[in-house]
Every structure is written in C-alpha cells, then in structure tokens.
Amino acid sequence: MARIRWGLAGLLGFVSPFWPQTSGPRLPVFEDIAARAGVTFRHQSSATAEKYLIESMGAGVALLDYDNDGLLDIYFVNGAALPSMEKTGEAYWNRLYRNLGGGKFEDVTARTGVKGEGYGMGAATGDFDNDGYTDLFVTNFGSNILYRNTGKGGFENVTAKAGVAGSGWHAGAAFLDYDRDGRLDLIVSRYVQWSFARNPWCGDRKPGFRSYCHPDQFAPITHLAFHNEGGGTFRDVSKALGFEAAPGKGLGIAVNDFDSDGWPDVVVANDSAPQQLFRNDSGKRFQEIGLARGMAYDEDGRTFAGMGVDFADYDNDGRPDVFVNALANQRYALFRNLPDYFEYLSGAAGVGAITASHSGWGARFVDTDNDGWKDLFVAQGHVMDNIELTQPHLRYLEPLLLMRNRGGKFEDISRHSGAVFTKPLAARGAAFGDLDNDGFLDVVIQCNNGPAIVLRNQGNGNRWLTLKLEGTASNRAGIGARVKVTAGGLTQSAMAATAGSYVSASDGRLHFGLGPEGKTAQVEIAWPSGRIQKLGDVAAGQQVTVKEP
C-alpha cells in the first residue's frame with residue numbers, strides 16, 4: 001500500500017523564505033546559505049611541513065533525518081591533530097547539525113554523542129537494526145565507528161559489539177543488503193598502505209616544493225565486507241565474498257544493479273589504479289569484472305585518479321551508468337552501460353572537453369532542474385596545494401562544476417548557476433538531498449581545511465515526485481529497491497541507496513523530476529524481497545511514503 005505522509009511543501013509550513021518560485025522552468029540556481037543557516041563547521045586537516053598524505057584528502061558529509069521529523073540533518077566528518085591522530089579540542093570534532101526548518105540549523109553534536117574519534121574520512125548511513133531510525137557509520141584512518149541511533153535523540157557507539165572497527169586507511173562505505181536477507185550489510189573501501197613512518201619526501205628538495213606523494217608510492221589494500229548477523233553484530237566476510245582477492249586504492253563507493261539480475265553490485269573508484277566493478281553472484285560472492293566489462297581504464301587504456309563516483313541511469317535507458325572523476329589533465333570518466341559492456345563516453349557526451357583541466361571529488365548524477373534528466377554535479381579542487389609551482393596552468397583551488405544533461409549530452413552551465421560557482425575551493429565530499437522539502441535537490445559540501453558550504457536550489461516551475469520507501473520483508477529503509485517512474489512520456493529508473501560521491505552519504509529518499517508536464521506518475525517498485533509493487537496516477541508535487549506490501 002502507499003500512504004501520503006505529506007503533500008506539497010507548502011502544507012508543511014516549510015516553504016523557503018529566501019527566494020520566490022519562478023512561473024516557468026529555468027536553469028538551476030544555487031546560493032550558499034551556510035552562514036545564515038547557522039552551519040559554522042570548518043574542516044581541520046592539520047596540515048604540516050611533513051606533507052603527510054592524509055592531510056590532502058579532506059573528508060565526507062552525510063545527510064540523514066536522524067530524529068524522524070521529516071527534515072534532513074547534516075553530519076560533517078573532521079580530521080584530528082597530527083601526528084597524534086587525536087581530537088585534542090572541539091575544533092576537531094565531527095559535527096551534527098539538526099535541521100530546525102525555516103532554513104535554520106543547530107549544532108547538536110554534544111548531546112547526540114557523535115563527535116567522533118581519530119582522523120575521520122567518510123560517512124555512511126542506513127538502518128542496520130531495522131528499528132526505523134537511521135544509524136551512522138564513520139570511516140577513519142584507523143578504527144571505524146558505528147553509531148547506533150537510539151531513537152531518543154542521540155546515538156551510542158556500538159563498534160566493539162558490532163565488530164566493524166577494521167584497520168588501515170578506510171575511505172568510502174556503503175550499507176546494502178547484498179544477500180537480500182532483510183538486514184543491511186556493510187562494504188568499506190580502503191585506500192593505500194600508508195603510515196607516518198612511511199612518508200617519503202616527494203617533489204624537489206627546495207623550499208615550498210615538497211609535495212604530497214603520488215599513490216604509486218604505496219601498495220594497494222583490500223576492501224572490507226561485513227555481513228549483518230542480526231542482534232547488532234556483523235561478521236567479516238571479506239575473504240569469503242572475494243574482496244580479499246581484489247585489492248585496490250579505493251575512495252568513493254557506489255551501489256546499483258548494473259545487469260538487472262536483482263542483486264546489488266558495487267563500483268569502487270580507485271586512485272591511479274584500475275576502477276573496479278564487483279558483480280554480485282546471487283548474494284554468494286562478488287567477482288571483480290571492471291576490466292572484462294570495459295570500465296577499468298580510460299579509452300586509451302590508462303589508469304586515472306578515481307576519487308568520487310556515482311552509479312545511476314543518466315540516459316534513461318533503464319541501465320545504470322558509471323561516472324568517476326579524476327585529476328587535471330586526465331578528464332572525468334563517463335561509462336555508459338550497454339548490454340554487454342561499458343562504453344567510455346566522456347568525449348562523445350561532452351564531459352571530456354569540459355573537465356580536462358579540472359580535478360574532481362564529490363560527484364553525483366542529480367536532476368538539479370527537475371526536467372527528468374540527471375545532471376552531473378562535481379565538487380572540485382586539486383590534491384596538491386602547491387600545484388601552481390610545478391604546473392602553472394593548473395590551480396589548487398577550483399570552482400564547483402555543474403553539467404546539465406541535455407538528453408544524454410552534457411553542457412557546462414556553472415556560470416549560470418549562481419555566484420558560488422565562481423568561488424575557488426578545495427572542495428572534497430559532497431552530499432545531495434532536499435533540505436527544505438520544496439522538491440528541488442540541494443547540496444552540502446566539505447572543503448579541505450575550510451568552511452562547509454550549504455547550497456540551496458532555488459527551483460523553477462518543473463514538477464517533481466519524492467518517494468520514501470518502507471520495507472517489511474525487505475530492509476526497513478528499502479535500500480536496494482529498484483524503482484521506475486513514468487510521467488510526461490519519460491521513464492526514469494533508480495535504486496534506493498545512500499552511498500556514492502566521495503566518502504559521503506546522500507538522502508535515501510528517491511527524487512524524480514517530472515518536467516513541466518508531469519502532473520501524475522506511474523510507479524513500479526521491485527523490492528529486494530522480490531515483490532513487485534505498482535502505483536498508478538500518483539500526483540506530482542509531493543512526497544509519498546510507500547510501504548512494502
């Protein structure tokens with residue numbers, strides 16, 4: 001059955017006070033509202049003269065409704081003092097901001113118990129115990145943290161009981177039900193085998209020229225997989241599932257079903273190593289087939305610096321495609337999913353020419369103007385803070401990038417999308433979701449050693465539909481459900497997931513732009529349990545909560 005939890009954003013009493021809606025569709029425009037919204041977080045990288053590699057990586061951000069009030073809250077991951085790796089003061093705390101509505105947030109870190117420990121990297125969200133409250137997993141250099149949402153306004157650290165601490169340099173993470181048993185499992189990407197003791201001098205030996213070492217200097221490492229055993233515990237199944245046999249230099253991680261067999265597959269973005277596609281063999285094992293499927297390398301057979309990643313259907317053909325960004329001089333990679341392989345399409349789709357001189361991190365296929373076609377948003381900035389000394393034509397600080405999807409081809413519309421797109425940044429993690437429930441997707445961005453950015457989408461006249469899934473036989477949050485929405489002569493497909501981008505977690509609700517003509521939509525949901533559910537003539541302009549029958 002389906003029940004409407006809320007209708008038009010106006011009925012919530014939460015229409016943005018900042019901008020009026022336009023009377024007709026136009027290009028998306030964003031404004032940074034962090035300061036007036038009360039989001040004062042600033043990331044601490046603890047940069048030193050030693051050029052420790054970890055200083056350059058920045059961190060992720062998560063959007064989650066931790067208190068189930070219908071409003072997305074924001075969680076920022078932070079660094080620590082170096083080389084002690086300790087959060088020696090409040091400036092190093094991870095921060096949770098509660099969404100108060102009306103464009104305002106409050107810092108609730110202290111009372112919710114999520115300040116973190118050690119040097120943080122990323123975050124993942126999911127309801128691992130199926131109690132109806134979203135839990136939080138934080139990846140670190142060193143031991144990870146699993147915060148269980150108590151449902152009473154706070155979190156408890158259950159890492160030891162759960163058995164998911166891990167070891168090494170953890171980066172991205174994804175909650176998914178890989179064996180479709182109704183409980184969310186966890187997959188964690190790991191980066192490289194780096195340590196403070198193994199931190200060689202890289203770059204010229206003259207003042208100002210020492211640089212962060214290339215990942216080629218360090219050995220790859222295996223990713224981790226944890227099976228949810230129920231009762232709050234997980235079992236390390238990295239070897240049994242095949243991940244131990246396929247080490248990488250993993251950062252971003254994303255989940256979708258590339259071959260439509262009903263089992264969620266995993267893509268890992270690897271830094272200067274082959275990109276990885278892990279095919280799910282009916283919940284029994286994962287086989288790494290990136291090379292066999294044509295998405296391990298660029299069109300010239302070269303590796304590139306994969307950092308952020310997304311796994312979604314950008315061309316509305318029903319098959320999820322892959323986007324992986326890269327460093328300047330490499331071009332961002334767009335892989336179109338064809339029946340038997342992935343086609344490297346950066347050049348033909350316009351992405352290559354737009355991105356040749358840029359360096360990307362957080363990224364997502366996201367319909368910013370609600371026209372029914374997923375655009376590409378990328379948070380940018382070079383990894384080397386002194387890159388201008390060795391390559392004067394490049395920049396460490398770069399503006400944000402927004403590429404509009406015109407029926408499968410992309411055009412750079414950044415300069416039309418607000419003054420914030422002209423601001424040079426060392427942007428890293430990015431998370432996407434509708435912060436004010438107006439039907440237009442907003443963006444929250446981490447900046448390495450800098451202040452956070454909260455971008456509100458001003459919207460336009462296009463219609464939209466948001467689906468919030470509630471599993472019964474499937475996991476409570478419906479993660480892994482495959483959804484098709486048909487409206488205005490266009491059919492879109494998506495999988496319910498929170499992972500993606502660069503070590504970040506986005507809103508788990510499914511958002512569909514319906515264009516100017518999409519007044520009603522036909523919805524089909526393939527739940528992880530195998531059940532198929534259809535909804536007819538669902539009115540646009542609302543969030544619908546759909547419960548698995």
Side-chain angles (χ1 to χ4, degrees), residues 8-9 21-30 256-257 260 310-323 334 336-337 345 349-351 363-378 402-413 416-417 432-434 437-443 457-469 481-497 500 506-526 534-544 546:
L8 293 170
Q21 289 292 301
T22 58
S23 58
R26 58 174 171 79
L27 293 177
V29 176
F30 294 82
N256 211 313
D257 180 7
S260 300
D310 201 18
F311 196 3
D313 179 14
Y314 82 89
D315 54 357
N316 291 331
D317 66 353
R319 295 185 295 267
D321 312 291
V322 174
F323 174 79
L334 178 65
R336 185 183 178 209
N337 187 353
L345 211 64
V351 172
R364 192 171 180 89
F365 290 114
V366 55
D367 187 356
T368 57
D369 56 359
N370 283 355
D371 67 350
W373 294 87
K374 297 177 181 67
D375 312 306
L376 267 170
F377 187 106
V378 187
L402 179 57
M403 293 178 279
R404 188 185 185 204
N405 186 344
R406 299 297 300 271
K409 306 276 186 172
F410 291 88
E411 61 178 349
D412 185 354
I413 60 168
H416 302 292
S417 299
F432 302 79
D434 189 354
N437 291 324
D438 67 349
F440 290 85
L441 293 177
D442 311 300
V443 189
N457 189 336
Q458 295 185 28
N460 58 25
N462 282 336
R463 302 175 189 271
W464 53 273
L465 177 67
T466 299
L467 301 176
K468 182 179 180 181
L469 305 185
R482 295 170 295 148
V483 179
K484 291 182 180 180
V485 169
T486 301
L490 189 67
T491 297
Q492 303 173 57
S493 64
M495 173 179 276
S506 294
D507 184 6
R509 298 176 296 184
L510 291 160
H511 169 268
F512 297 91
L514 305 182
E517 306 298 330
K519 298 180 180 179
T520 62
Q522 312 300 311
V523 178
E524 179 177 310
I525 304 170
K534 296 182 180 182
L535 309 174
D537 296 327
V538 180
Q542 62 178 328
Q543 174 176 293
V544 179
V546 184

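This structure is a prediction, so every number in the text was calculated from the model and none was measured.
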Novice: Would you check if the side chain of N316 reaches a backbone N or O of Q492 as a donor-acceptor pair within less than 3.5 Å?
Specialist: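 Between the backbone of Q492 and the side chain of N316 there is no qualifying donor-acceptor contact (under 3.5 Å).
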
Novice: State whether the number of non-hydrogen atoms from other residues, nucleotides or ligands found under 6.0 Å of E517 atom CD is greater than 12.
Specialist: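 No, because the 6.0 Å sphere around CD of E517 holds 12 heavy atoms or fewer from other groups.
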
Novice: Take the angle between the ring planes of F30 and F377 and call it parallel below 30°, perpendicular above 60°, tilted in between.
Specialist: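 Rings of F30 and F377: perpendicular, as their planes differ by over 60°.
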
Novice: So, the side chain of D369 versus the backbone of N460: is there a donor-acceptor pair under 3.5 Å, distance only?
Specialist: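 No, the answer is negative, given that no donor and acceptor are paired below the 3.5 Å cut-off.
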
Novice: Could you tell me whether a side-chain N or O of N457 sits under 3.5 Å from a main-chain N or O of D442, the two making a donor and an acceptor?
Specialist: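 Looks like no, no N/O pair under 3.5 Å.
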
Novice: Just by distance, do the side chain of D375 and the backbone of N405 share a donor-acceptor pair under 3.5 Å?
Specialist: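 A pair under 3.5 Å: yes.
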
Novice: Determine yes or no for a side-chain-to-main-chain donor-acceptor pair under 3.5 angstrom, with D315 supplying the side chain and R336 the backbone.
Specialist: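 Judged by distance alone, no pair lies under 3.5 Å.
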
Novice: Applying side chain to side chain contact (heavy atoms under 4.5 Å, CB included) to V544 and T466, what does each step give before you reach the verdict?
Specialist: CA-CA 6 Å; V544 179; T466 299; over 6 Å; no

Novice: Is the side chain of H511 donor-acceptor paired with the backbone N or O of F440 at a distance under 3.5 Å, no angle test?
Specialist: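 Between the backbone of F440 and the side chain of H511 there is no qualifying donor-acceptor contact (under 3.5 Å).
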
Novice: Would R26 and Q458 satisfy side chain to side chain contact (heavy atoms under 4.5 Å, CB included), going step by step from the backbone distance to the final call?
Specialist: CA-CA 10 Å; R26 58 174 171 79; Q458 295 185 28; 3.7 Å; yes

Novice: Could you pull out the closest heavy-atom pair between S493 and K484, with the gap in Å?
Specialist: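 Shortest heavy-atom contact: CB-CG, 4.3 Å.
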
Novice: Check whether any side-chain heavy atom of P28 sits under 4.5 Å from a side-chain heavy atom of I413, and report yes or no.
Specialist: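 Result yes, sub-4.5 Å side-chain heavy-atom pair found.
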
Novice: Can a salt bridge be assigned to the pair D434 and R509 using a cut-off of 4.0 Å between side-chain N and carboxylate O?
Specialist: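 Result for this pair is no, no salt bridge flagged.
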
Novice: Which heavy atom in Q542 sits nearest to a heavy atom in V538, and how many Å separate them?
Specialist: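 Looking at all heavy atoms of both residues, the shortest contact is NE2-CG1, 4.0 Å.
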
Novice: Could you measure the distance from the CZ atom of F311 to the CZ atom of R364? Nearest 0.5 Å is fine.
Specialist: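 With rounding to 0.5 Å, CZ (F311) is 13.0 Å from CZ (R364).
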
Novice: What closest approach, in Å, do L27 and H416 show between heavy atoms, and which atom pair accounts for it?
Specialist: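 Closest heavy-atom pair between L27 and H416: CD1-CB, 3.9 Å.
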
Novice: Enter the distance from F365:CZ to M403:CE here, rounded to the nearest 0.5 Å.
Specialist: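 Going from CZ on F365 over to CE on M403, the span is 8.5 Å.
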
Novice: For D412, enumerate each residue passing the side-chain hydrogen bond (donor to acceptor under 3.5 Å, both in side chains) test, keeping only those at least two apart in sequence or located in another chain.
Specialist: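 By the side-chain hydrogen bond (donor to acceptor under 3.5 Å, both in side chains) rule, D412 matches S414.
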
Novice: Taking all non-hydrogen atoms of both residues into account, name the closest pair between V378 and A363 and its distance.
Specialist: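 Taking every non-hydrogen atom into account, CG2-CB, 4.2 Å.
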
Novice: Roughly how far, to the nearest 0.5 Å, is CG of N256 from CZ of R319?
Specialist: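 R319 CZ to N256 CG: 13.0 Å, rounded to 0.5 Å.
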
Novice: Output the distance between atom CG (L514) and atom CG (N462), rounded to the nearest 0.5 Å.
Specialist: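 L514 CG to N462 CG: 9.0 Å, rounded to 0.5 Å.
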
Novice: Indicate yes or no for a side-chain donor-acceptor contact from D310 to the backbone of F323 under 3.5 Å, with no hydrogens or angles considered.
Specialist: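 Pair absent, no side-chain N/O of D310 close to backbone of F323.
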
Novice: What are the two closest heavy atoms between Y314 and G408, and how far apart are they?
Specialist: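 So the two residues come closest at CE1-O, 3.6 Å.
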
Novice: Counting distance only, does the side-chain N/O of S506 pair as donor-acceptor with the main-chain N or O of F432 below 3.5 Å?
Specialist: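 Such a contact is found between S506 side chain and F432 backbone.
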
Novice: Residues two or more places apart in sequence or in another chain: which of them pass side chain to side chain contact (heavy atoms under 4.5 Å, CB included) with V483?
Specialist: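 V483 satisfies side chain to side chain contact (heavy atoms under 4.5 Å, CB included) with L467, L469, V485, L510, F512, V523, I525 only.
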
Novice: Give me the atom names and distance for the closest heavy-atom approach of L465 to A521.
Specialist: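 Closest approach of L465 to A521: CD2-CB, 4.0 Å.
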
Novice: For the pair R463 (side chain) and G515 (backbone), establish whether a donor and an acceptor sit closer than 3.5 Å, ignoring hydrogens and angles.
Specialist: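 Absent.
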
Novice: Side chains of L490 and W373: does their closest heavy-atom pair fall under 4.5 Å?
Specialist: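 In short, these two side chains touch, coming nearer than 4.5 Å.
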
Novice: Are S417 and V29 packed together at the side-chain level, in the sense that at least one heavy-atom pair is separated by less than 4.5 angstrom?
Specialist: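 They are not in side-chain contact.
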
Novice: Please enumerate all residues that pass side chain to side chain contact (heavy atoms under 4.5 Å, CB included) together with D257, with sequence neighbours excluded.
Specialist: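 For D257, the residues satisfying side chain to side chain contact (heavy atoms under 4.5 Å, CB included) (neighbours in sequence not counted) are D259, D261, D265, R482, M495.
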
